[in-house]
Structure formats: C-alpha cells, structure tokens
Number of protein chains: 2
Amino acid sequence: MEWDVAEKPDQPERISEAEQAVMEALWQRSPLTAQEVCEEVCGPRGWSLNTVKTLLSRLVAKQAVATEPDGKRFLYTPRIARSDYVGTESRRLVDRLFGGRAAPLFAHLAQAEALTPDDIAEIEALLKELKS
Amino acid sequence: MEWDVAEKPDQPERISEAEQAVMEALWQRSPLTAQEVCEEVCGPRGWSLNTVKTLLSRLVAKQAVATEPDGKRFLYTPRIARSDYVGTESRRLVDRLFGGRAAPLFAHLAQAEALTPDDIAEIEALLKELKS
DNA sequence: CTCCATCGTTTACACTCGTAATCGACTACG
DNA sequence: CGTAGTCGATTACGAGTGTAAACGATGGAG
C-alpha cells in the first residue's frame with residue numbers, strides 16, 4: 001500500500017561553519033574531487049583529507065551538494081547557490097539582532113567604524129542606483 | 001608553590017541563540033531573578049523555568065552575566081553590553097560571508113529587496129552624517 | 001594474480017546546545 | 001517540629017559539530 005509519505009517540505013538544512021569552508025571551495029570551482037577540495041582547504045584549516053570527506057558526506061546528506069561518479073571517485077558540485085546561502089544567513093542575523101530591520105545593522109556598522117571610505121562610496125553609488 | 005597559571009586571555013565565550021534570548025531579557029531590564037527572566041521568555045519560547053536556570057548558569061560560567069545574592073536567591077545582571085555582542089556577531093557574519101567588507105553585505109541586502117524605502121532613507125541620512 | 005594506494009562509507013568520540021528532571025539546602029506555614 | 005515549596009546546583013540525554021581513524025571495495029603496478 002502506498003500511504004502518504006509526508007515528504008518533509010525540504011526546508012534547507014543548516015550548513016555549519018566547517019561545512020561552509022568546503023562549500024566555498026566548491027563555489028569557487030566545481031565539480032571537484034574530495035582530493036581537490038582538500039587541496040583548497042586542508043592547508044588553511046589544518047584538516048586531514050578524512051575530515052573533508054566527512055564534511056562532504058554531510059553536505060550530500062543535507063542536499064547541499066550533488067555527487068556525480070567519475071570512475072572510481074566522485075565529483076562534487078554545489079546544489080545551492082552561494083547567494084542563497086548568503087541571503088538566508090544575513091537574514092537570520094538581521095532578524096536575530098536587529099528585529100529584521102536592515103537600517104540598524106547599517107547604523108551599527110557605521111558606528112563601529114567598520115565602514116571604510118571605500119565602503120561608503122560604494123554604498124552611496126548603490127543607493128543612487130536604487131533610487132533611480 | 002605558585003606556578004604561573006597562564007590565565008587564558010579571556011576571549012569572550014560565544015553566546016548561543018537560546019542564551020541570547022535570556023540576555024535580551026536582561027538587557028531590557030536588570031537585575032532580574034531567574035523567575036523574572038522566565039516571565040519574560042518562557043512564554044514566547046515555550047521553556048520551563050529549569051531551562052532558564054540552566055541557561056543562566058551557563059551564561060554565568062561564560063562570564064556573560066554576573067550574579068549578586070539577594071537573600072535566598074540570585075539577581076542576574078549582564079556583564080557584556082548588547083552593543084558589544086551585536087558588534088562581534090555582525091563582524092563575524094561580515095567576515096564569514098563578505099570577506100570582511102561591509103559594502104557587499106549592503107549590496108546583498110539591497111538586491112534581496114530586504115531594504116524598505118524607510119531603510120534607504122535612514123541610511124541616506126546616516127551617510128550624510130558620516131560625510132560631514 | 002597479488003598487493004598497495006585510494007575511494008567512499010562507517011564508526012568514533014569529545015564538546016556544545018537545547019531542554020529539562022532531579023537533588024540537596026533552606027524557609028515559611030501550619 | 002515536620003513538610004511543602006522554592007533556590008541554585010548537578011546530572012541527563014539526544015542532536016549537531018569538529019575532527020578523524022578504521023573498514024571494505026577496487027583498480028593499477030608489477
């Protein structure tokens with residue numbers, strides 16, 4: 001009997017910080033083998049190849065990356081766009097810390113002097129464009 | 001013998017999301033008893049008083065809140081300012097996702113239409129002030 | 001055909017987080 | 001004086017994370 005399997009609405013599972021490092025490698029260039037990912041990230045983070053493999057598996061489980069067999073090994077490709085990831089992460093922060101309003105975040109960054117003159121110029125340009 | 005205890009440079013321990021909810025209550029008004037904190041947060045989050053007490057203990061351990069005995073019970077007060085917390089959290093995000101530059105974050109928010117006209121006006125005002 | 005390097009998979013293990021139940025001390029009520 | 005409520009402290013426990021070793025298949029070098 002085929003009973004209704006209530007497919008979970010597939011809300012995108014959270015990607016952890018270590019996992020993100022792996023995603024960054026794949027966002028930069030893909031598909032990659034586990035080896036290649038390791039060449040990108042093992043050095044900076046001091047990881048072993050095994051660690052990368054674990055992270056890749058978890059990302060596959062989370063449906064964040066896709067695998068494609070290539071002979072003996074696998075090629076890994078991101079299934080979610082970096083911009084999407086960045087989007088939900090920034091939104092989370094803005095919600096959590098600034099009641100969902102972006103302006104206070106901006107105000108905070110400004111006050112904390114986290115804005116370089118370049119940033120300011122860039123933002124001004126963006127604003128001009130937004131208003132047009 | 002008194003040997004050198006290498007006091008760890010007391011890098012501020014991370015505050016988790018649940019813990020933040022408790023901090024928010026204390027930032028709004030303090031000092032508070034565990035009871036009072038619970039009155040603020042247990043409803044919205046569906047927590048038990050015990051949960052709040054656990055979170056408070058952890059925050060005390062993390063040196064994020066201070067305790068002051070008040071007869072039988074304790075009064076809890078934040079030891080870190082909300083603006084500091086907000087600061088490090090936003091910085092983390094900007095570092096993690098935008099290479100430390102604030103402008104790309106702004107660009108992203110703009111593109112994602114996460115900016116209301118009000119936000120834009122507010123930011124313009126801020127910019128004007130920054131330039132003066 | 002054998003053996004080693006290499007894959008992906010499975011298992012491991014300590015630590016944090018979310019969410020509490022339980023415990024021992026104390027106090028206020030009867 | 002006993003006892004029920006209340007406090008903070010201790011313990012619990014499953015899920016997720018960071019980090020990896022161990023395992024089993026397999027393909028290529030002799």
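Numbers restart at 1 for each chain; the letters A, B, ... are given by sequence-line order, proteins then strands.
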Task: Flag for B/Glu24-B/Gln20: side-chain donor and acceptor within less than 3.5 Å - done: yes

Open item on the list: One thing to verify: whether A/Arg14 and A/Glu19 come together as a salt bridge, which I'm taking to mean a side-chain N less than 4.0 angstrom from a carboxylate O.
Closed with: no

Open item on the list: I'd like to know if A/Arg58 reaches the base of D/dG18 with its side chain, counting only an N/O donor and acceptor under 3.5 Å.
Closed with: yes

TODO: State whether the distance check finds a donor on one side and an acceptor on the other, under 3.5 Å, for side chain B/Lys72 versus base C/dT27.
DONE: no

TODO: Compare the minimum distances between each of D/dG8, C/dT19, D/dT17 and the side chain of B/Arg73, then state the nucleotide with the smallest one.
DONE: D/dG8

TODO: Give a yes/no on whether any side-chain N or O of A/Ser57 is located under 4.0 angstrom from OP1 or OP2 of C/dG8.
DONE: no

Open item on the list: Rounding to an integer number of Å, can you tell me how far A/Gln20 CD sits from D/dG18 P?
Closed with: 11 Å

TODO: Please lay out, stage by stage, how A/Glu17 and B/Arg92 fare under the test salt bridge (charged side-chain N to carboxylate O under 4.0 Å, His left out).
DONE: CA-CA 11 Å; A/Glu17 194 154 333; B/Arg92 283 179 72 79; 3.4 Å; yes

Task: Interatomic distance, A/Lys53 NZ vs D/dA22 P [rounded to whole Å] - done: 14 Å

Task: Candidate nucleotides D/dT17, C/dC17, D/dT19, ranked by approach to the side chain of A/Thr51 - the nearest - done: D/dT19

Task: Whole-Å distance separating the CG atom of B/Asp70 from the C1' atom of C/dC26 - done: 15 Å

Task: Toward the 5' end of DNA chain D, by each residue's nearest nucleotide, B/Thr54 or A/Arg45 - done: B/Thr54

Task: Whole-Å distance separating the CG atom of A/Leu55 from the C1' atom of C/dT9 - done: 15 Å

Task: Atom-to-atom span, CZ of A/Arg14 to P of D/dA15 - whole angstrom - done: 19 Å

Task: Any B/Ser48 side-chain nitrogen or oxygen under 4.0 Å from OP1 or OP2 of C/dT19 - done: no

- [ ] Measure from the side-chain N and O atoms of A/Ser30 to the backbone N and O of A/Leu32, and report whether any donor-acceptor pair falls under 3.5 Å.
- [x] no

Task: Touch class at under 4.0 angstrom, heavy-atom based, for B/Gly46 against every strand present - done: sugar-phosphate

Open item on the list: For a quick check of understanding: with a heavy-atom distance under 4.0 Å over all strands, which category does A/Thr33 fall into, base, sugar-phosphate or nothing?
Closed with: nothing

TODO: Take the protein atom CG of A/Leu56 and the nucleotide atom C1' of D/dG18, then report the distance between them rounded to whole Å.
DONE: 14 Å

Open item on the list: If we ignore hydrogens and angles and just use 3.5 Å, is the side chain of A/Ser90 paired with the main-chain N or O of A/Val86 as donor and acceptor?
Closed with: yes

- [ ] Using whole Å, report how far CD1 of B/Ile15 lies from P of C/dT16.
- [x] 15 Å

Task: Distance, rounded to the nearest Å, where A/Tyr76 contributes OH and C/dG8 contributes C1' - done: 6 Å

TODO: Take B/Gln35 and A/Asn50, find for each the nucleotide of DNA chain D with the closest heavy atom, and name the residue whose nucleotide sits nearer the 5' end.
DONE: B/Gln35

